[in-house]
Amino acid sequence: MNLNFINFICWKKVTTNMTLEAFLEKTFHFTRFHEGQKETIENLLRGKSTLSILPTGAGKSLCYQFPSYYQQTGQTVIVSPLISLMEDQVSLLRKNGEKSVVAINSLLEKRSKKYVMSRLNHYRFIFISPESLSQPEILSYFKELQIGLFVVDEAHCISQWGHDFRPSYLALKEIKAQLSHPLTLALTATATPEVKEDIYHQLFDVEEVAEVCQSVNRENIYYEVVETEDKLDYLETFLQDKKVPGIIYFSSKKEADRVSDWLNARLPYLVQSYHADMSNDDRIRIQEQFIHDDIRVLCATSAFGMGINKGNIRFVVHYHVPNSLENFVQESGRAGRDGKQSLSLVLYQPGDEQIHFFLQEQTYQEKQDLLFLENKSAVDRQTFLSAMTDSQKKWLNQIETSQEGWNGYKQTLTKKKRQQELNIFKMMDYCQTSACRREMIQHYFNEQSIKKQTICCDNCCHEQPDINSEPVEEKQQNNQLTSQEKLEKMFFLGI
DNA sequence: CGAATAATTTTTAGAAATTATTCGGTGCTCTAAT
């Protein structure tokens, strides 16, 4: 018996007469929309694919949840870059009473996966990674669905990761075509003109697109750059009197560990490092303790941050410069989500940017080396497989399954290299400029700077704002610990 | 490319100075051996 047939849900267009606001109140219990939400939703309801650039914390998930309930035209597929993000969204939706939600990823056991796939048309919201969705077998199930909305969350990943780190992001174009070009929503917090171009090219090739764009300006963040010989010393002084949570970003895992240990031995509160070498369990635990103010300061690499929902992060320090202004804005923007005065500090030493040139050159070489296989037959390529790096295998696979093939690969190869170099130079400009840093960020994102702020950046006013006014509740046991007690405490927390 | 560490030499019997070496970011998924 075909169970699929019996359980098939008919996604018939049901439009309510209610105003959007009334529906928002009734279904989501919010009294008003955040900026950008309504516009995005209106576009989607009109059947127009949309790129929405909304600042973090502006409620991006409402943008795809709302249309699903308001106008039931089909299922919603959400492409998400991280398993942890998917799981967060799923549990949030379940908490709000939505039962037909699922995340398809490697956490799903083989048997449950089989079950889920067999009744895929039951789910209102389906979360999936680009890697899973690229698999022909999985995609074939999605072809049978009635997709009302295709969402790409954190869409800047297309531009940032698609070309080297996670080539599956480049497959989304083909995937959309195979799903008969569903209505699409791309969501991100930051997008430079170049990133937008990438998103348009990889996601919106054939359709008309609306754009909803909110300012990148974060009025409550003070921007500062300090050039110092002794970063550790400066950092210690800076942190000494801070009674508020913060993140320190590093461009190497070892450094993050080293400085974390060093600070822990000197500061009267818990500091912890966070990077990709840690087990998943540790990462989840540390994240939770940070969110609950058990750990006050995190020493992290770029692995930390995406999807983090903590309002009271008061400062973000960059111990090393990031590799682009865009990443800098993403990372520093994690400060002050609650709207209260916060601070971004970059500790810059000329030469710090070299690691990024190095890493960039390394991946470029690896990509360049792959061109050797361009004119080889498929059989010949197999013989070289063992000599290839994992990345190269992925790139080759992407080339072979994409319409654009080698030509597309070659075209973007040098273009991307040039772009990334410019990104690093732009970041150096930010560090070295004597003009307003806030204005520079806005211009970089193609925005007009609106008005001068009283609390702006170190080039506009020299007074560091007070970010200490709302100290986190002193946890008795964390206050003034000896290093021995600290070790015990950390052991207790399972770090 | 450059910072941190390891290894060697220099200087004088443990330690300082010089030179050589190593390492460097982001995540998904699947598979095979315990």
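Just so we're on the same page: letters track the sequence lines, and every chain starts at 1.
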Determine the interatomic distance between C1' on B:dT9 and the same-named atom on B:dA13; round to the nearest Å. 15 Å

Who passes side-chain contact (heavy atoms from CB on, under 4.5 Å) against A:Glu236, sequence neighbours left out? A:Gln240, A:Trp262, A:Arg266

Distance between P atoms of B:dT11 and B:dA6 (Å, rounded): 25 Å

Identify, with sequence neighbours excluded, every residue that meets side-chain contact (heavy atoms from CB on, under 4.5 Å) alongside A:Lys253. A:His275, A:Asp277, A:Thr301

Electrostatic pair A:Asp164-A:Lys367, nearest N-O below 4.0 angstrom: no

Note, DNA chain B 5' to 3' with Watson-Crick or G-U pairs under 3.5 Å encoded as ( ), [ ], | and . gives ((((((((((....))))))))))..........

Mind checking side-chain hydrogen bond (donor to acceptor under 3.5 Å, both in side chains) for A:Asp352 and listing every partner two or more places apart, or none if nothing turns up? A:Lys231

Pairwise C1' distance for B:dT26 and B:dT31, with rounding to whole Å: 24 Å

Under the ring pair (Phe, Tyr, Trp, His ring centres under 6.0 Å) rule, what pairs show up with a residue in residues 125-158 of chain A, not counting sequence neighbours? A:Tyr69-A:Phe125

Sequence neighbours excluded, the answer for side-chain hydrogen bond (donor to acceptor under 3.5 Å, both in side chains) partners of A:Lys196 is A:Glu211

Between CG of A:Leu232 and P of B:dA3 the distance, given in whole Å, is 13 Å

A:Asp153: partners by salt bridge (Lys or Arg N to Asp or Glu O under 4.0 Å), with sequence neighbours left out: none

P atom, B:dT21 versus B:dG27: distance in rounded Å? 33 Å

With rounding to whole Å, what would you report as the distance between B:dA20 and B:dG25 at their C1' atoms? 26 Å

Between B:dT10 and B:dG14 - C1' atom distance, rounded Å: 13 Å

By side-chain hydrogen bond (donor to acceptor under 3.5 Å, both in side chains) - contacts of A:Gln354 (at least two apart): none

Walk along nucleotides 23-34 of chain B from 5' to 3' and tag each nucleotide B, S or - by protein heavy-atom contact under 4.0 Å, base first, then sugar-phosphate. -BBBBSSS----

